[in-house]
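Taking it in order: structure first as structure tokens, then the write-up.
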Amino acid sequence: MIYPIVAYGDPILRKPTKFIEKDELDLKKLSEDMFDTMHAANGVGLAAPQIGMTVRIFVVDGTPFSEKDDDEDDEPDLSLVDFKKAFINPEILEEKGEEWAFEEGCLSIPGIRGDVYRPATLKIRYRDIEWNEFEEEYSGMAARIIQHEYDHLLGKLFVDYLPTLKKQFIKKKLTDISKGNVDADYRMRFPSRK
């Protein structure tokens with residue numbers, strides 16, 4: 001099932017998520033639906049709040065960053081070839097290393113991008129869809145994708161990290177998105193107007 005992506009301005013994107021209890025949800029079906037939704041929107045990550053759920057799960061697929069783009073000079077990141085997984089009840093235990101900038105975007109905020117500085121490496125504890133627990137370290141683009149999606153579980157968005165001037169510059173665009181005045185190549189769910 002492909003869900004509509006929740007748009008900027010919906011209060012659910014600002015709510016911290018709750019931990020999932022074992023057997024509370026069909027995690028296999030939910031993660032499959034989230035992957036389908038993410039791929040249909042050409043994303044590399046998707047968190048539960050972006051499909052209207054306040055549970056602690058996100059999915060990632062860094063494969064697009066591992067493929068050479070004919071128009072780009074950048075080399076593909078081969079460490080992301082098989083970086084496709086669901087993170088259930090994730091907890092970032094540590095972030096370290098020099099912060100580096102990358103122009104991020106978000107499926108909930110189409111058409112807006114901005115440089116966000118994040119630590120280079122992280123350690124994370126999470127469960128997979130079989131309820132196995134893992135503690136792993138990630139760095140580079142894999143860490144960034146995780147950090148971006150993890151923020152969604154805390155009610156944070158990448159635009160929160162942007163400098164004040166940039167925030168003022170995009171304010172009208174954000175308002176337009178929240179009102180449904182945006183073009184996206186995928187279905188979106190906009191905040192209800194009262």
Side-chain angles (χ1 to χ4, degrees), residues 1-67 80-91 104-113 124-134 136 138 141-142 144-159 174 176-194:
M1 175 178 165
I2 295 176
Y3 288 88
I5 304 284
V6 173
Y8 178 87
D10 191 309
I12 201 164
L13 294 177
R14 294 302 189 172
K15 287 184 183 165
T17 54
K18 67 179 184 67
F19 282 86
I20 297 168
E21 299 294 326
K22 187 176 182 181
D23 300 323
E24 175 185 354
L25 298 167
D26 182 344
L27 295 173
K28 185 175 187 318
K29 172 78 170 111
L30 177 58
S31 65
E32 284 173 2
D33 289 348
M34 289 178 71
F35 275 116
D36 289 347
T37 301
M38 177 184 71
H39 289 138
N42 294 313
V44 295
L46 185 72
Q50 294 180 278
I51 60 165
M53 298 179 72
T54 56
V55 292
R56 207 166 173 93
I57 178 175
F58 64 80
V59 298
V60 298
D61 184 353
T63 309
F65 287 111
S66 70
E67 298 164 352
L80 298 173
V81 169
D82 294 318
F83 183 57
K84 180 182 176 185
K85 57 175 61 186
F87 290 80
I88 291 116
N89 291 342
E91 293 178 272
E104 293 187 19
C106 179
L107 296 176
S108 293
I109 312 173
I112 296 177
R113 300 186 68 78
I124 189 168
R125 181 187 305 131
Y126 68 96
R127 292 191 179 274
D128 67 8
I129 60 170
E130 307 295 332
W131 208 250
N132 300 307
E133 188 172 84
F134 296 89
E136 297 171 341
Y138 292 94
M141 190 57 72
R144 177 171 296 275
I145 295 168
I146 289 169
Q147 289 160 328
H148 179 107
E149 299 311 322
Y150 187 82
D151 276 351
H152 276 295
L153 304 183
L154 305 177
K156 291 177 76 175
L157 301 170
F158 88 92
V159 292
L174 291 172
D176 284 347
I177 292 169
S178 69
K179 291 179 179 177
N181 300 329
V182 65
D183 286 326
D185 297 338
Y186 44 88
R187 242 174 12 115
M188 296 193 76
R189 184 183 104 188
F190 298 98
S192 59
R193 294 190 252 329
K194 292 179 179 162

**Message:** Is it the case that over 12 heavy atoms from other parts of the model lie below 6.0 angstrom from the CG atom of N132?
**Reply:** yes
**Message:** Going by the rule side chain to side chain contact (heavy atoms under 4.5 Å, CB included), which residues pair with P4 if we only count those two or more places apart in sequence or in a different chain?
**Reply:** R187, R189
**Which atom of G45 lies closest to which atom of M38, heavy atoms considered** = N-SD, 3.2 Å
**Request:** Find out whether I112 and F158 are in side-chain contact, i.e. whether some heavy atom of one side chain is under 4.5 Å from a heavy atom of the other.
**Result:** yes
**Asked** Can F190 and V182 be said to form a side-chain contact (heavy atoms from CB on, under 4.5 Å), step by step?
**Response** CA-CA 10 Å; F190 298 98; V182 65; 3.8 Å; yes
**Item:** CG on D176 to CG on D183, rounded to 0.5 Å
**Value:** 11.0 Å
**Request:** Report the relative orientation of the aromatic rings in H152 and H148; use parallel for angles under 30°, tilted for 30 to 60°, perpendicular for over 60°.
**Result:** perpendicular
**Request:** Taking N89 for its side chain and I20 for its backbone only, find out whether a donor-acceptor pair lies under 3.5 Å.
**Result:** yes
**Prompt:** Any donor and acceptor pair, going by atom type alone, linking the side chain of T37 with main-chain N or O of Y3 inside 3.5 Å?
**Reply:** yes
**Request:** Supply the atom-to-atom distance F134 CZ to R127 CZ, rounded to the nearest 0.5 angstrom.
**Result:** 10.0 Å
**Prompt:** Looking at L25, L30, L27, which one forms a side chain to side chain contact (heavy atoms under 4.5 Å, CB included) with I88?
**Reply:** L27
**Prompt:** Between P49 and V6, is any pair of side-chain heavy atoms under 4.5 Å apart?
**Reply:** no
**Request:** Please confirm whether the backbone N or O of K156 pairs with a side-chain atom of D151, one donor and one acceptor, at under 3.5 Å?
**Result:** no
**Message:** Nearest 0.5 angstrom please: Q147 CD to E104 CD, how far?
**Reply:** 8.0 Å
**Prompt:** Yes or no on side-chain contact (heavy atoms from CB on, under 4.5 Å) for S108 and L157, after CA distance, side-chain angles and deciding distance?
**Reply:** CA-CA 9 Å; S108 293; L157 301 170; 5.6 Å; no
**Item:** Closest approach of P191 to G9 (non-hydrogen atoms, all atoms of both residues)
**Value:** CG-C, 3.4 Å
**Complete:** Scanning both residues in full, the closest heavy-atom pair of A86 with S31 reads CB-CB, 4.0 Å
**Prompt:** Hey, what do you get for CD1 (I5) to CD1 (I109), rounding to the nearest 0.5 Å?
**Reply:** 12.0 Å
**Request:** Mind checking the CZ-OH spacing from R14 to Y8? Nearest 0.5 Å is all I need.
**Result:** 5.5 Å
**Asked** Pick one: which of E149, E136, E130 meets salt bridge (charged side-chain N to carboxylate O under 4.0 Å, His left out) with K85?
**Response** E136
Expected list for residues 52-59: side-chain donor-acceptor pairs under 3.5 angstrom, two or more places apart:
from: R56; atom 1: NE; to: P90; atom 2: O; distance (Å): 2.9
from: R56; atom 1: NH2; to: P90; atom 2: O; distance (Å): 3.1
from: R56; atom 1: NH2; to: Y150; atom 2: OH; distance (Å): 3.1

**Request:** For E24, look at atom CD and say whether over 12 heavy atoms of other residues, nucleotides or ligands are found less than 6.0 Å away.
**Result:** yes
**Pairwise distance CD(Q50) to CG(D10) - rounded to 0.5 angstrom** = 11.5 Å
**Request:** Check the pair V44, F83 against side-chain contact (heavy atoms from CB on, under 4.5 Å), reporting the backbone distance first and the verdict last.
**Result:** CA-CA 10 Å; V44 295; F83 183 57; over 6 Å; no
